[in-house]
Amino acid sequence: MRIRVLSGFWLLPLILCGSLDVKAAPEFTIELQNHLFSPNEVEIPANTKVKLRIINKDAMPEEFESYELNREKIVAGGASITVFIGPLPPGEYPFFGEFNPRTAQGRVIVR
Amino acid sequence: MSLLTNSLLLVLREILEAAVLLGLLWNYTNFRQLSMRWLWWATPIALGLSFLYATNLGTVTDLFDGSGQELLSAALHILVYFPVLVLLAGIYGGLSSRLAEKIMSLVLIAAAVREGSEILIYLGAFTQLEAQRNMVWLGAFIGAGIGISAGVLVSALIHNLSRPIAILLVGVLLSFVASGMMMQGVSLLDQVGLLPYSSSVYSTEWLISERSILGQLLYAVFGYDSEPTRTQMALYLTCLALALALLFSADKVHWGRDETPQ
């Protein structure tokens with residue numbers, strides 16, 4: 001029991017620190033229609049935490065996934081999700097839709 | 001990647017973790033000489049909750065200002081780790097049969113709900129698409145078969161070992177699997193911006209890419225991350241050290257008790 005309580009407290013300051021950055025994060029929107037991301041390239045500033053809003057205009061659900069960004073989240077049909085990424089160094093970070101990986105592809109370009 | 005391969009890999013990845021975990025718990029049940037009845041009521045609960053999650057995905061996503069999916073999944077991952085610690089502490093005994101069975105049920109349910117719901121959402125998405133449905137279902141069927149076979153293989157291999165080695169191996173593997181789940185849970189908190197930025201400690205992308213089949217399977221079972229952040233790594237090592245310390249202290253207590261002259 002003592003261990004459980006201590007582990008919980010260990011995470012708390014981290015979570016409080018993290019939630020402070022989130023409020024100021026600039027937002028970028030990507031739409032998904034006919035299993036294609038639009039825009040399929042999103043340019044974001046380097047070393048900045050940003051908020052990606054993914055709007056799924058298809059009726060079918062999709063899973064937004066990126067190994068490079070270490071992100072995965074399901075977006076229901078006709079719904080939207082929010083994913084935070086960064087701060088990242090300059091480079092290219094591909095992402096894809098796991099349910100339709102052949103067509104749903106894009107990348108985040110960090111400059 | 002073809003639809004068949006994609007479906008196979010997606011379902012395999014989701015099933016593998018639960019199958020390996022179930023294999024380890026099955027061995028735990030055997031060497032603790034417990035009843036398997038916990039599995040018979042944990043399975044329908046896990047399936048029911050997976051269905052509930054899958055059919056209410058939109059509602060779950062919108063909870064906590066859009067962080068519902070991540071927070072619920074992170075909670076499920078944490079719900080695996082802490083009960084596993086109790087199982088490790090009682091691996092040689094000292095944990096009542098009834099409590100051990102309840103804890104194993106909880107671990108299985110928490111591990112299966114997220115993965116089960118993702119499979120249901122994926123298969124449900126293709127149900128209306130006649131042209132693709134058969135390929136997706138065939139891939140899912142093969143993936144599920146491979147995942148379940150891997151779980152059975154792990155169980156059988158451990159079952160054939162001598163009892164002390166089997167107990168130790170189950171304990172060590174449970175420690176790694178549960179710590180990996182904690183690491184995945186932390187990654188989910190980072191995804192909703194709840195953790196402060198921390199840079200990557202190292203990169204093993206050149207050795208095992210997360211995109212590769214091996215990388216995906218290692219992620220599924222042990223939470224493998226080719227570029228973990230400092231926060232993830234610190235938490236993973238702390239969780240692993242704690243689990244192994246409990247396992248080895250339970251071992252010491254057990255052997256100390258055995259060697260005590262009667």
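The chains referred to below are lettered A, B, ... by the order of the sequence lines, with proteins before strands, and numbering in each begins at 1.
No donor-acceptor distance shorter than 3.5 angstrom exists from the side chain of Ser117(B) to the backbone of Ala54(B), with no hydrogens or angles considered. Of the possible donor and acceptor atoms, none in the side chain of Asn56(A) sits under 3.5 Å from a partner among the backbone N and O of Glu31(A). Using a distance-only test at 3.5 Å, with no hydrogens or angles considered, no donor-acceptor pair links the side chain of Arg71(A) to the main chain of Leu188(B).
In this structure, the portion of Gln216(B) lying under 4.5 Å from any heavy atom of chain A is its side chain and not its backbone. Contacts of Glu210(B) with chain A are made by both backbone and side-chain atoms, with heavy-atom separations under 4.5 Å. In this structure, chain A has a heavy atom under 4.5 Å from the side chain of Thr61(B), while its backbone stays farther away. Heavy atoms closer than 4.5 Å to chain B are found in both the backbone and the side chain of Glu98(A). Looking at Leu129(B), the atoms closer than 4.5 Å to chain A (heavy atoms on both sides) all sit in the side chain, from C-beta outward. Using a 4.5 Å cut-off between heavy atoms, Ile121(B) touches chain A through backbone and side chain atoms alike. Contacts of Glu205(B) with chain A are absent, with no heavy-atom separation under 4.5 Å from either backbone or side chain. With a 4.5 angstrom heavy-atom cutoff, Gln232(B) touches chain A only via side-chain atoms. For chain A, the nearby part of Asp225(B) is the side chain; its heavy atoms alone come within less than 4.5 Å.
Side chains of Leu88(A) and Asn47(A) form no contact here, defined as non-hydrogen atoms less than 4.5 Å apart. Residues Glu118(B) and Ile74(A) are in side-chain contact: their nearest non-hydrogen atoms beyond the backbone lie under 4.5 Å apart.
With chain B as the partner, the residue from Thr82(A), Val75(A), Asn70(A) showing the most heavy-atom pairs under 4.5 Å is Asn70(A). The most heavy-atom pairs under 4.5 Å with chain B, out of Pro89(A), Ala79(A), Pro101(A), Ala59(A), come from Pro101(A).
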Give the intermediate values and the outcome of salt bridge (Lys or Arg N to Asp or Glu O under 4.0 Å) for residues Arg114(B) and Glu17(B). CA-CA 11 Å; Arg114(B) 184 175 179 247; Glu17(B) 182 182 70; over 6 Å; no

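Under the side-chain contact (heavy atoms from CB on, under 4.5 Å) criterion, Leu36(A) pairs with Thr103(A), sequence neighbours left out.
Relative orientation of the Phe64(A) and Phe95(A) rings is tilted, given thresholds of 30° and 60° on the angle between their planes.
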